[in-house]
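Worksheet: one structure, shown below.
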Amino acid sequence: ALQDLKGQALGGAVQFAGGMDVSKLPPGADHGPAVDVRASGIATVQGLLQAQELGPAVQLARLAQGQAAYQLRISMARGVPLVDVRSDLQGMALNLPPPLQKAAAESWPMHFASSVPESAASAGQSPVRETIDFDLAGRAQVRYVREWGADAAAPAKVVSGAIRLGTGALALPAKGVAAEVDLPRMDVQAWQAALQPLQPAAGHAAAPSPGQAAARSGSSDIGSSDLATDYLPDHWDVRVGALQVRGIEVQQLQMRGSRKGDRWSSEERASLLDGQLDYVQEKGGPGTVRARLSQLRVDKKSGDESKAP
């Protein structure tokens with residue numbers, strides 16, 4: 001057991017407690033002893049970026065500055081490692097446009113958790129379904145339901161998922177991954193600039209060190225291109241009150257669409273245009289965008305309105 005074990009992790013001090021419990025392990029059990037490890041500490045942006053063993057998601061720390069306290073709990077259910085992380089993010093700034101712009105002094109509750117239903121854990125059901133939840137102060141929410149098969153070496157399969165940017169309830173579909181965006185305002189160029197730190201410098205993609213490569217191979221395979229596609233939305237609903245695009249303001253944008261393979265298709269309605277927008281991904285390139293407009297409304301000062309055939 002761990003009791004008041006202190007150390008350094010994620011760039012700051014950390015204290016551990018808990019351990020393994022074999023007393024509740026029934027005879028002939030097909031899983032290991034109960035695991036319950038708890039930790040509390042301080043995480044810094046630099047410390048998160050150096051934690052390659054946590055997988056590609058830690059690169060999101062490039063969008064932040066500072067440090068924050070956190071509480072961590074690790075347990076096991078049916079051989080699936082479960083993680084629960086909580087933080088108020090006080091002391092850490094988020095360099096993102098609204099609604100995710102945050103000053104370091106602000107306190108935003110952040111919660112990440114993975115769970116397995118008690119019924120599945122106790123009944124020994126296989127495959128095991130795991131739910132992953134992420135909530136950032138109610139402004140950004142993510143939920144995935146994944147299925148683990150009997151082969152522990154095989155990656156989990158995404159059954160369904162939901163992604164929401166903006167306040168409101170998260171709606172999980174029966175299958176597939178749905179995305180919802182509901183914002184009063186959005187500046188496209190501001191988001192492009194804010195996300196630039198996540199883009200590798202052209203011609204400067206450093207090869208991973210042997211240690212980093214080993215860490216990546218031993219962690220989740222979500223970062224691989226084929227598997228990452230399972231986590232992308234295959235249908236979406238976007239509502240933005242005022243969208244800024246290169247100095248042009250589009251009012252009352254509504255965009256609904258779906259993805260099939262490498263093709264993303266959306267039906268759009270807004271103050272300036274109606275029609276369909278298609279995007280086709282291309283390997284090693286930016287892709288191709290095609291717009292088919294049924295109506296294009298120009299500046300009101302011109303008193304003109306154009307219609308596409």
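Every value quoted in this text rests on a predicted model; they were computed, and no experiment measured them.
V159 and V128 fall into different hydrophobic clusters, where Ile, Leu, Val, Met, Phe, Trp and Tyr side chains are chained together by heavy-atom contacts under 4.5 Å. In terms of hydrophobic clustering, with Ile, Leu, Val, Met, Phe, Trp and Tyr side chains grouped at heavy-atom distances under 4.5 Å, I132 and L170 are assigned to different clusters. Linking Ile, Leu, Val, Met, Phe, Trp and Tyr residues whenever their side-chain heavy atoms come within less than 4.5 Å places V188 and Y279 in a single cluster. Taken together through direct or relayed side-chain contacts under 4.5 Å among Ile, Leu, Val, Met, Phe, Trp and Tyr, L10 and V58 form part of one hydrophobic cluster. F16 and I42 end up in different hydrophobic clusters when Ile, Leu, Val, Met, Phe, Trp and Tyr side chains are linked at under 4.5 Å.
Annotation: side chain of L100 is in contact with side chain of W191 (closest heavy-atom distance under 4.5 Å). Inter-residue side-chain proximity for R185 and E249 is flagged as met; some heavy-atom pair is nearer than 4.5 Å. Side chains of W108 and R139 form a contact here, defined as non-hydrogen atoms less than 4.5 Å apart. Under the 4.5 Å side-chain criterion, counting only non-hydrogen atoms from C-beta, L60 is in contact with L198. Side chains of Q90 and Q67 form no contact here, defined as non-hydrogen atoms less than 4.5 Å apart. Put simply, the side chain of L82 reaches to within 4.5 Å of the side chain of V116, judged on heavy atoms. The closest side-chain heavy-atom distance from K102 to L89 is below 4.5 Å. A heavy-atom distance below 4.5 Å is found between the side chains of M110 and V85.
Within a 6.0 Å sphere centred on CD of Q65, other residues, nucleotides and ligands contribute 12 heavy atoms or fewer. Other residues, nucleotides and ligands contribute only 12 or fewer heavy atoms inside 6.0 Å of the CZ atom of R73.
Note that R129 lies outside the cation-pi zone of W148, set by a 6.0 Å cut-off to the ring centre and a 45° limit from the axis.
Rounding to the nearest 0.5 Å places CG of D274 at 10.0 Å from CD of Q254. Here CZ of R239 is found 13.5 Å from CE of M186. Values are rounded to the nearest 0.5 Å. Atom CZ of R86 and atom OG of S40 lie 14.0 Å apart (nearest 0.5 Å). Distance check, rounded to the nearest 0.5 Å: OG of S75 to CG of D36 gives 6.5 Å. Here the CZ atom belonging to R62 is positioned 11.5 Å from the CG atom belonging to L48, to the nearest 0.5 angstrom. The CG atom of D187 sits 9.0 Å away from atom CD of Q192, with the distance rounded to the nearest 0.5 Å.
For the pair T131 (side chain) and S115 (backbone), a donor-acceptor distance under 3.5 Å is absent. Checking side-chain atoms of S271 against main-chain N and O of Q251 turns up a donor-acceptor pair under 3.5 Å. The closest donor-acceptor contact from the side chain of Q189 to the backbone of R246 lies under 3.5 Å. Proximity of a side-chain donor or acceptor of Q196 to a complementary backbone N or O of A193 within less than 3.5 Å is not detected.
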Check the pair H111, D133 against side chain to side chain contact (heavy atoms under 4.5 Å, CB included), reporting the backbone distance first and the verdict last.
-> CA-CA 8 Å; H111 184 208; D133 280 295; over 6 Å; no
Applying side chain to side chain contact (heavy atoms under 4.5 Å, CB included), run through Y144 and E130 and close with a yes or a no.
-> CA-CA 8 Å; Y144 287 104; E130 171 197 24; over 6 Å; no
Dump the intermediate steps for salt bridge (charged side-chain N to carboxylate O under 4.0 Å, His left out) on D278 and R292, then the final yes or no.
-> CA-CA 8 Å; D278 292 334; R292 289 177 288 179; 3.2 Å; yes
When you look at L172 and V145, which way does the side chain to side chain contact (heavy atoms under 4.5 Å, CB included) test go after all the steps?
-> CA-CA 9 Å; L172 184 70; V145 176; 3.8 Å; yes
Could you give me the CA-CA distance, side-chain angles and deciding distance for L94 and L136, then say whether side chain to side chain contact (heavy atoms under 4.5 Å, CB included) is met?
-> CA-CA 11 Å; L94 299 182; L136 179 58; 4.0 Å; yes
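Residues W236 and S266 have side chains that bring a donor and an acceptor to within less than 3.5 angstrom of each other. For the residue pair Y231 / R146, a side-chain donor-acceptor distance below 3.5 Å is found, with atom types taken as modelled.
When L165, L253, I163 are each tested for a side-chain contact (heavy atoms from CB on, under 4.5 Å) with V181, only one passes: L165.
In this structure, E180 pairs ionically with R164, as a charged nitrogen and a carboxylate oxygen lie closer than 4.0 Å. Salt bridge absent: D234 and K260 never bring a charged side-chain N and a carboxylate O closer than 4.0 Å. A salt bridge does not link E268 to R256: none of the charged side-chain nitrogens sits closer than 4.0 Å to a carboxylate oxygen.
Closest approach of V45 and A61 over heavy atoms only: CG1-O, 3.3 Å. Smallest separation of non-hydrogen atoms from N95 and A194: O-CB, 3.7 Å. The shortest non-hydrogen separation linking D230 to V158 is O-CG1, 3.7 Å. The two residues P173 and A162 have their closest heavy-atom pair at CD-CB, 4.3 Å.
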